[in-house]
Amino acid sequence: MDKNYQVYFPEKGKVALEECPIPEVGDDEVLLKAEISQISTGTEMTMLYGGWNGNVSFPCYGVGYSNYGTVVAIGKNIPKEYLGKKMMTINPHKKYSIVKNTPDRAYHDMVFVPEGADPEDAVFATLAVVANGSIRASQIRPGEACVVYGAGIVGQMMARLAKLAGSTTIIVADVSDKRLDMVP
């Protein structure tokens, strides 16, 4: 039988893998087998070293929020055609995890990936959702100025989306000259 593993932080500055049970699928859920998972140098690295103002408790579980995989089991209320579909999720770094069918939420947990999409590209979709959601929430109007704090992947996306939203002055702040050089 296959085993399930999850990434966790047992203590500040330390990363480990732990075997955990393969979850049971509920009526409105699917079981996803992850194929690729993306580690954020912003969020997860910050958590690894204690979080914002030391607010992370160790051991720290539930690490991660961007992975891609295949639906390998479905609940009784899930359409049969979901089985075998590719999906990106906001789930933590686990080999097997549950994805809930939540059509009433603003952001759906079940986000299917088109046939033939490169998994290494698809795993970035969560970061694009974060960037797009931030730009939409800001309600940028054509001609307005925008300030983006941080020129990592999300900040780079936000700067580009702010321009598409009509912002004429975009200021990006970061401590890394290398990142700032990549800003459009």
Side-chain angles (χ1 to χ4, degrees), residues 1-10 14-48 51 56-137 150 152-158 160-161 164-165:
M1 173 162 219
D2 208 2
K3 294 183 179 182
N4 195 15
Y5 295 95
Q6 67 181 343
V7 173
Y8 79 107
F9 303 152
K14 187 173 180 185
V15 180
L17 273 181
E18 177 178 82
E19 188 174 339
C20 57
I22 295 175
E24 297 286 325
V25 180
D27 293 347
D28 297 306
E29 300 173 335
V30 303
L31 181 65
L32 185 87
K33 181 178 182 181
E35 296 173 30
I36 187 170
S37 192
Q38 174 196 351
I39 296 174
S40 166
T41 58
T43 305
E44 287 148 295
M45 292 299 287
T46 300
M47 289 175 64
L48 177 62
V56 173
S57 302
F58 296 97
C60 179
Y61 291 88
V63 176
Y65 58 86
S66 187
N67 62 50
Y68 166 94
T70 303
V71 175
V72 295
I74 58 172
K76 73 176 187 176
N77 297 331
I78 301 296
K80 291 186 182 0
E81 62 266 16
Y82 284 18
L83 199 57
K85 293 277 187 184
K86 301 295 184 180
M87 182 184 294
M88 59 78 45
T89 76
I90 57 171
N91 287 2
H93 303 302
K94 279 186 178 181
K95 186 172 182 181
Y96 290 97
S97 61
I98 292 294
V99 183
K100 298 179 185 296
N101 185 16
T102 53
D104 56 332
R105 289 185 38 192
Y107 175 78
H108 302 293
D109 290 346
M110 292 189 173
V111 179
F112 295 100
V113 177
E115 239 355 90
D118 185 335
E120 291 185 13
D121 291 336
V123 78
F124 281 90
T126 301
L127 298 180
V129 168
V130 170
N132 188 48
S134 298
I135 293 299
R136 291 181 69 184
I153 294 170
V154 173
Q156 295 285 334
M157 288 182 197
M158 288 179 64
R160 287 165 173 79
L161 290 171
L164 289 172

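As a basis for the values below, the full set of heavy atoms in this structure was taken, side chains included, without hydrogen atoms, waters or symmetry mates. From a predicted model like this one, the values you see are computed outputs, not experimental measurements.
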message = For a quick test of reading the model, state the closest non-hydrogen atom pair linking A117 to V113 and the distance between them.
response = CB-CG1, 3.4 Å
query = Quick one: does L161's side chain get under 4.5 Å of S134's, heavy atoms only?
reply = no
query = Is any side-chain heavy atom of D2 closer than 4.5 Å to a side-chain heavy atom of Y96?
reply = yes
Where P23 and N4 come nearest, the two heavy atoms and their spacing = CD-ND2, 3.8 Å
query = Taking the side chain as C-beta and beyond, is there a heavy-atom pair between L32 and N67 under 4.5 Å?
reply = yes
request  = Flag the pair L31 / I98 as yes when at least one side-chain heavy-atom distance between them is below 4.5 Å, and no otherwise.
outcome  = yes
message = Between F58 and L48, is the side chain to side chain contact (heavy atoms under 4.5 Å, CB included) condition met? List the steps.
response = CA-CA 9 Å; F58 296 97; L48 177 62; 5.6 Å; no
ask   = Heavy atoms, side chains only, cut-off 4.5 Å: are H93 and Q6 in contact?
value = no
inquiry  = Atom CD of residue position E19 - does it have more than 12 heavy atoms of other residues, nucleotides or ligands inside 6.0 Å?
reply    = yes
key: Which atom of M87 lies closest to which atom of V99, heavy atoms considered   = SD-CG1, 3.8 Å
query = What heavy-atom pair brings L17 and V7 nearest, and what distance separates the two atoms?
reply = CD2-CG2, 3.9 Å
task = Evaluate the side-chain proximity of I74 to V25: yes if any heavy-atom separation is below 4.5 Å, no if none is.
result = no
ask   = What's the spacing between F124 CZ and Q38 CD if we round to 0.5 Å?
value = 4.5 Å
ask   = Less than 4.5 Å apart, any side-chain heavy atom of Y65 and any of E44?
value = yes
ask   = At what distance, to the nearest 0.5 angstrom, does OH of Y68 lie from CG of D118?
value = 8.0 Å
query = Roughly how far apart are T89 OG1 and K100 NZ, rounded to 0.5 Å?
reply = 13.0 Å
ask   = What's the spacing between K14 NZ and C60 SG if we round to 0.5 Å?
value = 15.0 Å
request  = State, without any angle test, whether D28 and N77 hold a side-chain donor-acceptor pair at a distance under 3.5 Å.
outcome  = yes
request  = Any chance you could measure N132, atom CG, to L127, atom CG, to the nearest 0.5 Å?
outcome  = 12.5 Å
Check: V123 main-chain N/O paired with S66 side-chain donor or acceptor under 3.5 Å = yes
request  = For E81, look at atom CD and say whether over 12 heavy atoms of other residues, nucleotides or ligands are found less than 6.0 Å away.
outcome  = yes
request  = Please examine the side chains of V30 and N101, heavy atoms only from C-beta on, and report whether any two atoms are closer than 4.5 Å.
outcome  = no
task = Hey, could you give me the CD1/NZ distance between I22 and K33, rounded to the nearest 0.5 Å?
result = 9.0 Å
note = Heavy-atom nearest pair, K94 first then C20, reads CE-SG, 4.4 Å
request  = State, to 0.1 Å, how close Y8 and P10 come at their nearest heavy-atom pair, and which atoms those are.
outcome  = O-CD, 3.4 Å
